[in-house]
Amino acid sequence: LCRFEGETSGQPMTVRGSLERLTPVLMTALVAAFALVPLLLSADAPGKEILHPVGGVIFGGLISSTLLGTLLVVPLTEFARGWSIVLTAAFGVGLGASGLLTYNSGLFAPALAQEIGLSRTSFGAVFFGSTVCMALAMPVVGLLVDKFGPKMMAALGSLMLSCGFLALSQVQSVLAYAAVMLLIGLLTGSSTPVPYTRAVSAAFNRARGLALGFTQVGIGVAAALVPPFIALLIAQSGWRAGFLALALIAAIGILPALL
């Protein structure tokens, strides 16, 4: 490819070469396996005392080498090259709206009810409205990611999320809380997994599904670690300190977006 077609050495060339060789390799292995089937049957037939074990060894080698080459070696090679992208993406999605807003909003409901009179019904309606706003914004987020790239949009989303939590720490009324939450839904869609999965998908081919699965682990880790800390902070220092802490954590999410 490099000599005759002008390809430059790198990931795209490696992926292209692997895909172009995949079909011939599988066809050769399949034809050879079919040719060995008669040797594997009727092991006690005259003349097969030596050919049967030889055929079994060759047949097993074809199966194991083909499976290892297509299902294990290529994915491991991709992960050896792109593990940093997966780790960064997992860190980023965990510190985005999916990991911070969804799993921590309910912790503030009791304190907000006492402080600004936010009822359970109002809290549920506002959170639902924020979710709807984010859903409506997702197609636009996708277009912007295609146009400006995942790094810029992910960093912008994390910045907007941090500013949103900062604004929530200063609300004085139910109306102000609702307005900020709706704006968070509209403006923080790019802090969700959308830009990160775009980057991971571009870096992986055969192991893309596995890499995307590892990326989503970041949300689960954030959901397990952050809420207990925020709940303790609210109990000790109040709900405004909890939102400030979330703003700081969301701001840290800008770092993996820029890597």
Side-chain angles (χ1 to χ4, degrees), residues 90-138 140-141 144 151-196 218-259:
F91 192 67
V93 298
L95 299 182
S98 300
L100 297 182
L101 182 65
T102 304
Y103 295 98
N104 292 280
S105 295
L107 301 174
F108 295 88
L112 290 171
Q114 294 180 357
E115 183 80 15
I116 64 175
L118 181 68
S119 65
R120 292 185 178 181
T121 302
S122 298
F123 171 79
V126 169
F127 189 81
F128 175 75
S130 179
T131 304
V132 171
C133 288
M134 185 172 291
L136 293 175
M138 280 304 176
V140 179
V141 170
L144 293 175
K151 286 187 176 183
M152 178 183 296
M153 294 310 302
L156 181 61
S158 295
L159 178 61
M160 292 295 99
L161 183 62
S162 179
C163 292
F165 284 133
L166 185 62
L168 285 175
S169 71
Q170 304 301 316
V171 298
Q172 303 291 336
S173 65
V174 174
L175 183 60
Y177 174 80
V180 173
M181 284 293 290
L182 293 179
L183 286 174
I184 288 177
L186 285 173
L187 300 177
T188 65
S190 59
S191 71
T192 62
V194 173
Y196 294 101
I219 298 177
V221 173
L225 298 180
V226 177
F229 167 72
I230 297 299
L232 180 62
L233 188 60
I234 293 174
Q236 293 183 348
S237 304
W239 62 272
R240 297 185 188 276
F243 277 128
L244 289 175
L246 285 177
L248 178 60
I249 296 173
I252 296 175
I254 298 175
L255 297 178
L258 296 177
L259 294 178

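Below, all heavy atoms of this structure are taken into account, side chains as well, without hydrogens, waters or symmetry copies.
In this structure, A167 and V180 approach most closely via the heavy-atom pair CB-CG1, 3.9 Å. Shortest non-hydrogen contact noted between V126 and A178 is CG2-CB, 3.7 Å. Of all non-hydrogen atoms in R240 and E115, the two that sit nearest each other are NH2-OE2, 4.0 Å. Summarising the geometry of L161 relative to I184, their closest heavy-atom pair is CD1-CG2, 4.2 Å, with the distance given to 0.1 Å. A245 and L233 make their closest contact through CB-CD2, 3.4 Å (heavy atoms, listed as atom of the first residue, atom of the second, distance). Heavy atoms only, all atoms of each residue included: F91 and P256 are closest at CD2-CG, 3.4 Å.
Proximity of V226 to Y103: side-chain heavy atoms (C-beta onward) are nowhere separated by under 4.5 Å. With a 4.5 Å cut-off on side-chain heavy atoms, P193 and I219 count as touching. Residues V141 and M153 are not in side-chain contact: their nearest non-hydrogen atoms beyond the backbone lie 4.5 Å or more apart. In this structure, the side chains of T188 and F165 stay at 4.5 Å or more apart for every pair of heavy atoms. Using a 4.5 Å cut-off on side-chain heavy atoms (C-beta onward), S173 and I116 make no contact. Under the 4.5 Å side-chain criterion, counting only non-hydrogen atoms from C-beta, S169 is in contact with L166. Side-chain contact between M181 and L101: present, with at least one pair of heavy atoms (C-beta onward) separated by less than 4.5 Å.
I249 CD1 to N104 CG: the interatomic distance, rounded to the nearest 0.5 Å, is 7.5 Å. Taking CE from M134 and CG from L187, the interatomic distance works out to 9.5 Å, rounded to the nearest 0.5 Å. How far CG of L168 is from CG of L244: 10.5 Å, rounded to the nearest 0.5 Å. Separation of atoms CZ (F127) and CG (L182) is listed at 12.0 Å; rounding is to 0.5 Å. The CG atom of L246 sits 4.0 Å away from the CD1 atom of I230 when rounded to the nearest 0.5 Å. Of the inter-residue distances, the one linking L183 atom CG with C163 atom SG reads 11.5 Å to the nearest 0.5 angstrom.
Judged by distance alone, with hydrogens and angles left aside, the side-chain atoms of S158 form no donor-acceptor pair with the main-chain N or O of A155 at under 3.5 Å. In this structure, S190 contributes its side chain and G157 its backbone to a donor-acceptor pair below 3.5 Å. Not one N or O on the side chain of S162 forms a donor-acceptor pair closer than 3.5 Å with the backbone of A250.
Screening residues 118-135 for side-chain hydrogen bond (donor to acceptor under 3.5 Å, both in side chains) gives S119-S122 as the qualifying pairs, with residues at least two apart or on separate chains.
The ring pair (Phe, Tyr, Trp, His ring centres under 6.0 Å) test applied to F108 returns F243, not counting sequence neighbours.
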